[in-house]
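To start, the structure under review is shown below, and the notes come after it.
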Protein chains: 4
Amino acid sequence: MRISKDPQVRKREILAAAGKLFEKYGIDKTSMSDVAKEADITKGLVYYYFKSKEELIEEAVKNFVFESELALKNIIQADTMNFYSKLSEMLRLYFLTISKNLSINALAKTNPGVYELVKRSLCRSALDLAGVLIDEGVMNGNISISHPRHVLSILIGGIADLYSQGVQDPKIFAEIIEQTLHLPKGSIKI
Amino acid sequence: MRISKDPQVRKREILAAAGKLFEKYGIDKTSMSDVAKEADITKGLVYYYFKSKEELIEEAVKNFVFESELALKNIIQADTMNFYSKLSEMLRLYFLTISKNLSINALAKTNPGVYELVKRSLCRSALDLAGVLIDEGVMNGNISISHPRHVLSILIGGIADLYSQGVQDPKIFAEIIEQTLHLPKGSIKI
Amino acid sequence: MRISKDPQVRKREILAAAGKLFEKYGIDKTSMSDVAKEADITKGLVYYYFKSKEELIEEAVKNFVFESELALKNIIQADTMNFYSKLSEMLRLYFLTISKNLSINALAKTNPGVYELVKRSLCRSALDLAGVLIDEGVMNGNISISHPRHVLSILIGGIADLYSQGVQDPKIFAEIIEQTLHLPKGSIKI
Amino acid sequence: MRISKDPQVRKREILAAAGKLFEKYGIDKTSMSDVAKEADITKGLVYYYFKSKEELIEEAVKNFVFESELALKNIIQADTMNFYSKLSEMLRLYFLTISKNLSINALAKTNPGVYELVKRSLCRSALDLAGVLIDEGVMNGNISISHPRHVLSILIGGIADLYSQGVQDPKIFAEIIEQTLHLPKGSIKI
DNA sequence: TATGAATGAGCCTTCATTCAT
DNA sequence: CATGAATGAAGGCTCATTCAT
C-alpha cells in the first residue's frame with residue numbers, strides 16, 4: 001500500500017536505515033535494495049531522495065558524525081567545570097561514543113573512502129573541541145608537554161584501537177592518559 | 001601474444017599487481033579482471049595460479065605482512081645495540097615501513113575481514129618484538145611508566161595514524177615518544 | 001526499449017521460454033542468457049523473477065508435469081465410460097501428451113536430477129491414474145495377466161520410447177496393447 | 001616426470017578414464033582437466049590423442065557400446081541352444097549388463113546427444129541380435145504375436161526402466177516376458 | 001510522492017583449447 | 001610424445017540505476 005510521509009521524515013528514515021546497515025554489514029555489502037527493504041519502501045523512492053548510492057553514503061556519514069559531534073560539543077562547552085573535570089567528562093563521553101557504537105569504527109574500518117571521512121571528521125571535531133581544552137590547559141599550566149595536539153591525536157586514535165582490541169577498563173585509560181599528558185595522578189576520573 | 005614465464009615469477013607478479021591495486025583501491029573495488037589487466041595477463045591465468053579471489057587476497061596479505069615482519073625482526077634482534085639505539089632503530093624501521101607502504105594501513109583499513117589479519121598480525125608482531133625491548137627497558141630501569149605495553153600499542157597505532165594524516169617529521173615523533181615513555185630527552189634518534 | 005508487463009504474464013513467458021529451450025537443447029546447454037534472449041528481456045529480469053537457475057528449472061519442470069497431469073486426471077476420472085473406452089481415451093491422451101511435447105522425454109532424458117522429477121512424477125501420476133483403471137479391470141475380469149502394474153509401467157515407458165523412435169501409428173500401438181494386456185482384439189480404439 | 005607409453009595403450013587409458021568419469025559424473029560435469037587428472041597425464045596430451053572433447057566423447061561412447069555388444073554377440077550366436085534357452089540366456093545377459101553398469105543408463109540419461117547414441121546403439125544392437133532370435137521364433141512357431149520387434153523394443157526399454165526403478169526380481173521379469181511374448185509358462189529361466 | 005518492473009554493466013569463476021618448449 | 005603455462009569465451013549472478021505508471 002501507498003504511505004505518504006513528510007519528505008523530511010522519510011529522508012531521515014532512509015538515512016537511519018542506511019546508517020544501521022552500513023554499520024552492521026559495511027557499505028559495500030549493503031545494497032540499495034537492502035536499504036529500501038530496511039526502510040520499508042521501494043528502491044525507487046530511495047532514488048527519489050538520493051541521487052545515487054554515493055550521495056546516500058555521504059549523507060549517512062555526515063549524519064553519523066554530526067550526532068557524535070553534537071554530544072561532544074554540548075558537554076565540553078559547559079562552563080561550570082574546571083580543566084580536569086572537563087577532560088574527564090570528555091573522555092567519558094568519548095568512551096561512551098566508542099562503546100555505544102563501536103560502529104564508528106566498524107563504519108570506518110570497513111570502508112575505503114569513507115574511512116577518511118569519518119575518522120578525519122571525528123578526529124578533527126574531537127581535536128577542535130578537545131584542542132580548546134588542551135590550549136586552556138597549556139595556558140593554565142595544567143599541561144606542559146610539547147606537541148600537545150599531536151599527542152592528543154595519538155591518544156584519540158590509539159585509545160579507540162586499544163578499546164576495540166578488548167582493553168576496556170576506564171581506570172587503565174585514566175592512568176595512561178595522565179601519564180601521557182603528564183598530569184597529576186588521580187586528576188582524571190572516568 | 002603468448003608470453004610464458006617461470007611460474008614463480010608469474011605468481012609473484014600477480015601478487016604484486018594484486019597488492020598494488022588492493023592498496024590503491026581497496027580489495028572490494030579491485031576485480032579479478034583488474035588484477036589480470038595490471039599483471040598484463042588474462043583472467044584465466046590468475047585463476048590458474050589462485051583458486052579464487054579469496055585465496056589471492058589471503059596470499060597477498062600474507063605476502064604483505066611477511067615482508068614487514070621480516071624487516072622488523074632482523075633489526076630488532078641485533079644484539080649489538082643498547083636499549084635506546086634499538087628503540088631508535090626500531091622506530092626508524094617502523095616509519096620506513098609505514099611510509100614506504102602506507103599501504104599497510106590502506107590495505108588494512110580498507111577491508112573488513114582483512115583488517116584483522118593485517119593489523120592484528122602486524123601489531124602483534126610489533127608488540128611481540130618491541131614488547132621484548134620494552135620488557136628489557138622495564139628491567140633495566142630505562143622504562144618506568146605503568147601499562148607499558150598498552151602505551152606501546154597506543155603509540156604504534158596512533159603514530160601510524162598521525163603519520164598518514166601528514167605529520168611526518170621524525171623529530172616530532174622522537175620527542176613525543178620520549179615524552180610518552182618518560183625517557184630522557186635526546187635518547188631517541190630517528 | 002522498455003516494456004512493462006503484468007508480472008504474472010512475464011513470469012509465464014519466461015517459464016515458456018525456458019521450457020522451450022530446455023526441451024530443445026537440454027538444461028545444461030541452456031544458459032540464463034539464452035532464456036532471457038528467448039523471452040526478449042534482460043538477464044537481470046529473469047533473476048528478478050527467479051532467484052537462481054535452479055529455481056527456474058524447478059518451476060519449469062513443475063509447470064510441465066502439472067499440465068500433463070491435469071489433462072490425464074480430467075479424462076480418466078470421467079465416470080461415463082466403460083473400461084475399454086477409458087483405457088482407449090487414456091491412451092489417446094497419453095499419445096497426445098507425448099506427441100505434443102516429445103519434450104517430456106526430452107526434458108526428462110536430458111537432465112540428471114531433473115530426470116527423476118519429471119519421469120517419476122509423470123509415471124507415478126500415470127500409474128496412479130491408470131493403475132486405478134487396471135485395478136478396475138482386474139476386478140471386472142477384464143484383465144487377467146499377472147503383475148499388471150509392472151506391465152503397465154513397461155508399456156508406458158516403452159511406448160514413449162518407441163514413439164520417439166519414429167513408430168507412431170496408433171493402430172500398431174492398439175494391437176500391441178491389447179496383446180500385451182491380453183485384451184480382446186478390437187477393444188482398444190485410439 | 002615424463003613417462004612415454006605405447007600410443008595405443010595411452011589412448012585406451014584415456015578412454016577408460018573418460019568413460020569412468022562420464023558414467024560417474026555425467027559428461028557435462030566432466031572436464032578435460034578431470035579426464036587428464038584421472039589418466040594421470042596433462043591436458044595437452046589428451047588433446048594430442050583427441051582433437052576435441054566431442055571426439056573424446058564419441059570414442060568413449062563407442063568404446064562403451066562396443067564392449068556391451070561384444071558380450072551379447074558371443075552368447076547369442078551360440079548354436080548349441082534351443083530358442084527358449086537362447087532367449088533366457090540373452091535376457092540373463094541383458095540384466096547383467098544393466099545391473100553391472102547401471103552406468104549405461106547413467107551415461108545415457110545424463111547426456112543429451114549421447115543418449116541417442118548409446119540407447120539407440122544399444123537397442124539397435126539388442127534388436128539386431130535378439131531380432132534374429134525373434135525371427136527364428138516366429139518361423140519356428142514359438143512366437144505368434146504380431147509386431148514382435150516392436151514388442152521386443154518396448155520390453156527392452158521398459159524393462160531397463162523398471163529395473164532402474166527398483167524392480168529387480170528375475171522371476172517377475174521372466175513371467176512378464178513370457179506373458180508379453182505369449183510364450184508357454186516356465187519357458188524362460190533367468 | 002511512491003511503486004516496482006526493467007535495464008545493463010560488471011563480477012567471480014570454469015573450461016575447452018592452443019602452443020612454446 | 002609429453003608438458004603445463006596461457007588464452008578467450010561463456011556462464012551464473014548481483015546491483016546501481018532508470019522509468020512508466
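Just so you know, these numbers use all the heavy atoms, side chains as well, and skip hydrogens, waters and symmetry mates. Numbered from 1 within each chain, the chains take letters A, B, ... in sequence-line order.
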Round to a whole Å and report the spacing from NZ of C:K37 to C1' of F:dG11. 11 Å

C:E13 CD to E:dA6 C1', in whole Å, measures 13 Å

Minimum-distance nucleotide (side-chain atoms of A:S31 versus F:dC15, E:dA16, E:dT7): F:dC15

With a 3.5 Å distance limit and no angle check, can you tell me whether C:K24 reaches the backbone of C:T30 through a side-chain donor-acceptor pair? no

Walking DNA chain E from its 5' end, the first of A:Y48 and D:E54 to be reached, judged by nearest nucleotide, is A:Y48

Is there a side-chain contact between A:N63 and A:E59 in this structure, where contact means two heavy atoms from C-beta onward sitting under 4.5 Å apart? no

Suppose we call a contact any N or O donor and acceptor under 3.5 Å apart; does that hold for the side chain of B:R2 and the base of E:dA20? no

Can you tell me how far P of F:dC1 sits from CD of D:Q8, to the nearest Å? 10 Å

side-chain contact (heavy atoms from CB on, under 4.5 Å) between A:F50 and A:E58: does it pass, once the steps are laid out? CA-CA 10 Å; A:F50 303 89; A:E58 229 168 279; over 6 Å; no

Whether the side chain of B:D34 engages the backbone of B:S31 through a donor-acceptor N/O pair (distance < 3.5 Å, no angle test) should be reported. yes

Separation of F:dC15 C1' from A:D34 CG (nearest whole Å): 10 Å

The nucleotide from F:dA16, E:dT13, E:dA2 with an atom nearest the side chain of A:S4 is E:dA2

It should be established whether A:Y49 places a side-chain nitrogen or oxygen under 4.0 Å from OP1 or OP2 of nucleotide E:dA2. yes

DNA chain E in dot-bracket form (Watson-Crick or G-U pairs under 3.5 Å, [ ] crossing, | inter-strand) is .||||||||||||||||||||

Using a heavy-atom cut-off of under 4.0 Å over every strand shown, decide if D:F50 touches base, sugar-phosphate, or nothing. nothing

In terms of heavy-atom contacts, D:M32 and D:L56 come closest through SD-CD2, 3.9 Å

Ranking E:dT13, F:dC13, F:dA6 by distance to the side chain of B:K5, first place goes to F:dA6

Would you kindly give the CD1-to-P distance between C:I3 and E:dG8, to the nearest whole Å? 12 Å

Mind calculating the distance between CG (B:L45) and P (F:dT7) to the nearest angstrom? 6 Å

Taken in chain and number order and not counting sequence neighbours, the residues that satisfy salt bridge (Lys or Arg N to Asp or Glu O under 4.0 Å) with A:E13 are A:K5, A:R10

Judged by each residue's nearest nucleotide on DNA chain E, which is more toward the 5′ side, C:V46 or B:K43? C:V46

B:M32 side chain, from C-beta outward: closest of E:dT17, E:dC12, E:dC19: E:dC12

Taking CG from A:D28 and C1' from E:dG10, how many angstroms apart are they, rounded to a whole number? 14 Å

Here the gap from D:L21 atom CG to D:K37 atom NZ, rounded to the nearest 0.5 Å, amounts to 10.5 Å

Looking only at E:dC12, E:dT7, E:dT3, the nucleotide nearest the A:T42 side chain is E:dT3

For B:K29, is there an ion pair with A:D28 - N to carboxylate O distance below 4.0 angstrom? yes

Quick one: A:R10 CZ to E:dT1 C1', roughly how many Å, whole number? 9 Å

Closest-nucleotide ordering on DNA chain F, the 5'-leading residue of B:G44 and C:K53: B:G44

